[in-house]
Colleague: 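Pasting a structure here, questions to come.
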Amino acid sequence: RFDLSSSEGRIFIPDVYDDGLKIAFAKLNGTISGDLEKWVIEEFFVDLGGPSVKVSLRENREGEKLLLHGDIEILSMPIDDLPQHWPLGLSDNTREWIDEQLAFGNIKETRAVFSAVVDLEKGPSFKVTELEGTMAYSGMDTIYMSGFPAVVGAGGTGSFDLKTLHLALTEGTHEGMVLAKGGVHIFDLETEDPHAKVDVTVAGPARRALELLDHEKLRYLEKMELSPDRFEGEALVHLFLEFPLLADLALEDIKVGADATLHALSFTDAIPGVDLRKGDVQLKLEGSSLSMAGRGEVGGVPAEITWKENFSGKADYQSRYTLKGRMDEAARKIFGYSGAPFLSGPVEVALVYTNRGDKGQLAIDLDLASGELHVPGFEWTKPVGAPGKGTIQIDFDKGRLQKIHELVMTAGDLDVKGQIDFASDGKTIEGARFERLKFGATDVKGKGVRAADGGFDVTLTGRGFDAAKILEQ
């Protein structure tokens, strides 16, 4: 049996601590067989001047190789001191990642089991062949991706082996938001191409959450010509990233996804001149698209809303917005057209706007049952409560109204189908064509074209035209 101790000094282990490991105190005890062929280290305790390490070790011999199996316990290790105490040859990629991406804080406890081989014919040489352990830490800053904001003051637990490192984050802050939970997972540490998967869930102001999506590594809002300062409210965000551990990451190297719940959301100029208020929406970022769905008040109108943005040039469209709600005349006026003198009262409206670069299309579906329809000059009216439907398809070019390529209205004996063309200013009507124009005694089809004097040349054909009121005038 042996019992040894040492005061302040250095421990030298070939291929492990070639330059020596500075210690404040050490003790070693164990047993050696009578023929010196087998030995056991019951406890090797090292005080590193604050942090401490305790190792137990068992040995088996196979020819000129010593097969070692042991347990290790490390207590109170400052994160910033860990790399200098890290054994040489023990997952160097893990040590480098810890040195570059973790700072401050304390690893309160680390426990691990390991196996190693000492080849007595080669110097001797020392190689760790198996390693598996756990740790608990607090107050740590985690820069999980180079150039990305850190999780500050992180606490939690972790596990590791020669190939992987997993950190489970249970506390901390991230860009002014509170960390609810998170994980940092490093894979293939034994290779030249390690990669990481990160998922964090944070709670805080919606503006802060969207600033994450607009970070210089991502710039999702910038691509949509939006800025985070147009948003207010509260957010719960689940962000997940996958990327190689490269010093100079490009956006195409990063796989990004996010889910967010946005509460009491305000979005200034959600539609030009119209704000979203009191929004409760779900946001999802997946691959090359961002989508949002929920409820809110758009221009004061309670509505169901969706929004999808595609960032890939291969997608069928760039943006698509939908809105479904009940609009009266005042609400419709906010969106640019009250409906007067043809429509009065509230109606159910479903809007779908699709943007394809310079080209846009607005589809409007109307349930007219709760409104009143009028055809001025003909004394035709659809009363409130009578069923009625409407469909309008509008084309835009560079933001200007180009054509209403489908206008369909049905209500009682009203049956209208036509289209309207506009001048390049997007306001002036150039002409109109109607396949059907039926109401009351009128049943015609025809067209109207703007004349040189600014009026219209109108041609109508059909079974009948009620001109009584026109003749009276």
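For the single chain, residues carry numbers from 1 onward in sequence order. Atoms considered below: every heavy atom in the structure, side chains included; atoms not considered: hydrogens, waters and symmetry mates.
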Colleague: State, without any angle test, whether S312 and S288 hold a side-chain donor-acceptor pair at a distance under 3.5 Å.
Modeller: no

Colleague: With a 4.5 Å cut-off on side-chain heavy atoms, are F187 and H166 touching?
Modeller: yes

Colleague: Let me confirm one number: the CG-CD1 distance from N29 to I41, rounded to the nearest 0.5 Å.
Modeller: 9.0 Å

Colleague: Using a 6.0 Å cut-off, check whether atom NE2 of H263 has over 12 heavy atoms from anything other than its own residue.
Modeller: no

Colleague: Mind listing the closest non-hydrogen atom pair of L262 and A206 along with its distance?
Modeller: CD2-CB, 4.3 Å

Colleague: Does E43 have more than 12 heavy atoms from other residues, nucleotides or ligands lying within 6.0 Å of its CD?
Modeller: yes

Colleague: Less than 6.0 angstrom from the centroid, inside 45 degrees of the normal: does K197 satisfy that with respect to the ring of F240?
Modeller: no

Colleague: Between E309 and S319, do the side chains contain a donor N or O and an acceptor N or O under 3.5 Å apart?
Modeller: yes

Colleague: Dump the intermediate steps for side-chain contact (heavy atoms from CB on, under 4.5 Å) on H195 and T191, then the final yes or no.
Modeller: CA-CA 10 Å; H195 66 280; T191 72; over 6 Å; no

Colleague: Report yes if the side chains of K27 and D47 come closer than 4.5 Å at any heavy-atom pair, otherwise no.
Modeller: no

Colleague: If you define the side chain from C-beta out and look only at heavy atoms, does anything of K22 sit under 4.5 Å from E8?
Modeller: yes

Colleague: Could you list the residues that satisfy salt bridge (Lys or Arg N to Asp or Glu O under 4.0 Å) with R320, not counting sequence neighbours?
Modeller: none

Colleague: Please list all pairs meeting side-chain hydrogen bond (donor to acceptor under 3.5 Å, both in side chains) that have one or both residues in residues 169-181, counting only residues at least two apart or in different chains.
Modeller: Y144-H174

Colleague: What closest approach, in Å, do I79 and A103 show between heavy atoms, and which atom pair accounts for it?
Modeller: CG2-N, 3.8 Å

Colleague: Run the side-chain hydrogen bond (donor to acceptor under 3.5 Å, both in side chains) test against S115 and tell me which residues pass, sequence neighbours left out.
Modeller: H69

Colleague: Evaluate the criterion side-chain contact (heavy atoms from CB on, under 4.5 Å) for residue pair Q361 and Q393; output intermediate values, then yes/no.
Modeller: CA-CA 7 Å; Q361 185 178 74; Q393 300 279 349; 3.9 Å; yes

Colleague: Taking the inter-plane angle between the rings of Y220 and F311 on a 0 to 90° scale, is it parallel (under 30°), tilted (30 to 60°) or perpendicular (over 60°)?
Modeller: tilted

Colleague: Main chain of T268, side chain of R230: is a donor-acceptor contact present, judged purely on distance under 3.5 Å?
Modeller: yes

Colleague: Check for a donor-acceptor pair, side chain of R332 on one end and backbone N or O of S338 on the other, with a separation under 3.5 Å.
Modeller: yes

Colleague: Search all heavy atoms of D141 against all heavy atoms of G153 and return the closest pair with its distance.
Modeller: OD1-N, 3.0 Å

Colleague: Is the shortest side-chain N to carboxylate O distance from D316 to R356 below 4.0 Å?
Modeller: yes

Colleague: Let me confirm one number: the CD1-CD1 distance from I404 to I394, rounded to the nearest 0.5 Å.
Modeller: 5.0 Å

Colleague: Under a 4.5 Å cut-off applied to non-hydrogen side-chain atoms, are V202 and L239 in contact?
Modeller: no

Colleague: Under the side-chain contact (heavy atoms from CB on, under 4.5 Å) test, which residues partner D214, sequence neighbours left out?
Modeller: R219, L221, E222, P228

Colleague: How long is the straight-line distance from CZ of F44 back to CG of L4, given to the nearest 0.5 Å?
Modeller: 9.5 Å

Colleague: I need the M77 CE to T110 OG1 distance, nearest 0.5 Å.
Modeller: 8.0 Å

Colleague: Keeping the roles fixed (side chain from D275, backbone from D269), state whether a donor-acceptor pair exists under 3.5 Å.
Modeller: yes

Colleague: For D81, is there any backbone N or O sitting under 3.5 Å from a side-chain donor or acceptor partner on H85?
Modeller: yes

Colleague: Say you draw a straight line from CG of L210 to CG of L226; how long is it, rounded to the nearest 0.5 Å?
Modeller: 9.0 Å

Colleague: Strictly distance-based, threshold 3.5 Å: is any side-chain N or O of D161 a donor or acceptor partner for the main-chain N or O of T164?
Modeller: yes

Colleague: Ignoring hydrogens and angles, tell me if any N or O in the side chain of N310 forms a donor-acceptor pair with the backbone of Y317 under 3.5 Å.
Modeller: yes

Colleague: Under 4.0 Å between a side-chain nitrogen and a carboxylate oxygen: does that hold for K427 and D425?
Modeller: no

Colleague: Considering all heavy atoms of both residues, which atom of H185 and which atom of D199 are nearest to each other, and what is their separation?
Modeller: NE2-OD1, 3.7 Å

Colleague: In plain terms, say whether D397 and K359 are close enough for a salt bridge, that is, a side-chain N and a carboxylate O under 4.0 Å apart.
Modeller: yes

Colleague: Within a strict 4.5 Å, meaning less than it, do heavy atoms of the T201 and L179 side chains meet?
Modeller: no

Colleague: Crowded around E286 CD? As in, over 12 foreign heavy atoms under 6.0 Å?
Modeller: no

Colleague: Is it the case that more than 12 heavy atoms not belonging to E234 sit under 6.0 Å from its CD atom?
Modeller: yes

Colleague: Using the side-chain contact (heavy atoms from CB on, under 4.5 Å) rule, take E42 and S56 through it: C-alpha gap first, then chi angles, then the decisive distance, then the call.
Modeller: CA-CA 5 Å; E42 296 173 353; S56 62; over 6 Å; no

Colleague: Can you tell me how far apart OG (S266) and CZ (R277) are? Round to the nearest 0.5 Å.
Modeller: 4.5 Å

Colleague: Ignoring hydrogens and geometry, is there a side-chain-to-backbone donor-acceptor pair from Y137 to T157 under 3.5 Å?
Modeller: yes

Colleague: Are R61 and E59 within salt-bridge range, i.e. N to O under 4.0 Å?
Modeller: no

Colleague: Applying side-chain contact (heavy atoms from CB on, under 4.5 Å), run through R111 and E109 and close with a yes or a no.
Modeller: CA-CA 7 Å; R111 298 181 185 275; E109 178 182 273; 3.1 Å; yes

Colleague: Passes salt bridge (charged side-chain N to carboxylate O under 4.0 Å, His left out), K403 versus D395? Steps please.
Modeller: CA-CA 5 Å; K403 176 188 288 188; D395 294 335; 5.8 Å; no

Colleague: In residues 295-305, what donor-acceptor pairs under 3.5 Å come from side-chain atoms, sequence neighbours left out?
Modeller:
| residue | atom | partner | partner atom | Å |
| --- | --- | --- | --- | --- |
| R295 | NH1 | E304 | OE2 | 3.3 |

Colleague: Any side-chain to backbone donor/acceptor pair from R400 onto S424? Under 3.5 Å, distance only.
Modeller: yes

Colleague: Between the side chain of D80 and the main-chain N/O of F104, is any donor-acceptor distance below 3.5 Å?
Modeller: yes

Colleague: Can a salt bridge be assigned to the pair D3 and R1 using a cut-off of 4.0 Å between side-chain N and carboxylate O?
Modeller: yes

Colleague: Could you tell me which non-hydrogen atom of P244 sits nearest to which non-hydrogen atom of D253, and how far apart they are?
Modeller: CD-O, 3.4 Å

Colleague: Could you pull out the closest heavy-atom pair between V237 and A209, with the gap in Å?
Modeller: CG2-CB, 3.4 Å

Colleague: With side chains defined as the heavy atoms from C-beta onward, is the minimum distance between F422 and F396 less than 4.5 Å?
Modeller: no

Colleague: Restricting to pairs with a member in residues 4-31, which pass ring pair (Phe, Tyr, Trp, His ring centres under 6.0 Å), not counting sequence neighbours?
Modeller: none

Colleague: With a 4.5 Å heavy-atom cut-off, do T306 and K308 have their side chains touching?
Modeller: no

Colleague: Are H215 and P149 close enough that some pair of their side-chain heavy atoms sits under 4.5 Å apart?
Modeller: yes

Colleague: Please check if the side chain of D367 supplies one atom and the backbone of A369 the other of a donor-acceptor pair under 3.5 Å.
Modeller: yes

